[in-house]
Amino acid sequence: MSMAPCKPAPSGFPPLLPESKFGCASPQQPLVRAMRSCDMHAVVVWLAVSNSIQLSANFPALCVCCPARLQVVVLAGSIEAAAGDHNTARALFLRAYQLNKADKKLYMYWPKMEADTGNVERARLLFQYGLSLYPSNTKILNRYACFEEEQGNLDLARELHRRALGIDSTSLTAMHNRVSWASLELLEGNVDEARELLREGLDAHPDFQAAMLLLAKLERQQGNLDLAEAYARRVQKVRRRRTYS
């Protein structure tokens, strides 16, 4: 897969961390030995099922064995961010930025972590830089739109959602964008706009649960209780089918 060329880092970005930040580890550690006998996919799977304590204990070993494996560092950062260890997550994201500032997934996780810790301008800077590298990436567009909605910039949020749907209006990724945008419109009292976004999406993806749940909420708020119940039953039917499939 081709990678976007690196652009100069925008002003305001933090300095890069030295390699020594991530320490060292004994080559006799079990994870090190395991990684020597398996591929990167196994390492990523291990990270995905690890908890924050396991990750903190073993990440130095990961860095020794695969210091330039960007996907490991970004995934580790996302795990630490989800666990609430924002300082460790930030250090990992900075390491990933040092390895390759044009990594796509970095701009899906890092900005949200900064926003969650109150660093609004840094989060916005990261979103904007990510979009300068990948202007057609609908996942970054959707996350940036949700961020701007949280900051009260509703017109900008709508424009970002509209831009994302203009690029892709039919995929599962587009469904997440539709649900986010419809949620905004419903909160603002624009019921018809929200309903249209969700129904159009369900025409292509009739089993998308988040869209049906939001429609059930919308119709309940509008007093259409039978319709709301019908959407809720559709969700239950989908869940049962997936449970027993």
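Starting from 1, each residue takes its place in the sequence as its number. Computed from a predicted model, the values in this text were never measured in an experiment.
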R199 vs E219, test: salt bridge (Lys or Arg N to Asp or Glu O under 4.0 Å). Steps then yes/no. CA-CA 12 Å; R199 285 182 173 176; E219 299 299 353; 3.7 Å; yes
Step by step, would you call E114 with R124 a salt bridge (Lys or Arg N to Asp or Glu O under 4.0 Å)? CA-CA 9 Å; E114 296 294 354; R124 182 174 285 116; over 6 Å; no
Any chance you could lay out the side chain to side chain contact (heavy atoms under 4.5 Å, CB included) test for V238 and R242, step after step, and finish with the verdict? CA-CA 6 Å; V238 170; R242 292 180 177 177; 3.6 Å; yes
Evaluate the salt bridge (Lys or Arg N to Asp or Glu O under 4.0 Å) criterion for residues D116 and K112: first the C-alpha distance (whole Å), next the side-chain angles of each, then the deciding distance (0.1 Å), finally the verdict. CA-CA 6 Å; D116 289 344; K112 184 181 186 304; 2.9 Å; yes
Give me the ring orientation class for Y129 and Y97: parallel if the planes are under 30° apart, tilted from 30 to 60°, perpendicular past 60°. perpendicular
Given E185, which of R158, R195, R178 fulfils the salt bridge (Lys or Arg N to Asp or Glu O under 4.0 Å) condition? R158
Distance only, no hydrogens: is a donor on one side chain within 3.5 Å (strictly under) of an acceptor on the other, for Q98 and R95? yes
Sequence-distant partners of R220, salt bridge (Lys or Arg N to Asp or Glu O under 4.0 Å), two or more places apart: none
H176 and F208 aromatic ring geometry - parallel, tilted or perpendicular at 30°/60° bounds: perpendicular
Tell me whether M113 shares a hydrophobic cluster with V74, the cluster being built from Ile, Leu, Val, Met, Phe, Trp, Tyr side chains joined at under 4.5 Å. yes
Would you tell me whether S171 and D168 have side-chain atoms, one donor and one acceptor, within less than 3.5 Å of each other? yes
Could you go through the salt bridge (Lys or Arg N to Asp or Glu O under 4.0 Å) check for E229 and R233 one step at a time? CA-CA 6 Å; E229 184 177 356; R233 286 179 176 174; 2.5 Å; yes
Using the ring centroid of each side chain, check whether F93 and Y109 are separated by less than 6.0 Å. no
More than 12 foreign heavy atoms under 6.0 Å from CG of D226: is that the case here? no
Would a single hydrophobic cluster contain both F127 and L94, if residues Ile, Leu, Val, Met, Phe, Trp and Tyr are joined by side-chain heavy-atom contacts under 4.5 Å? yes
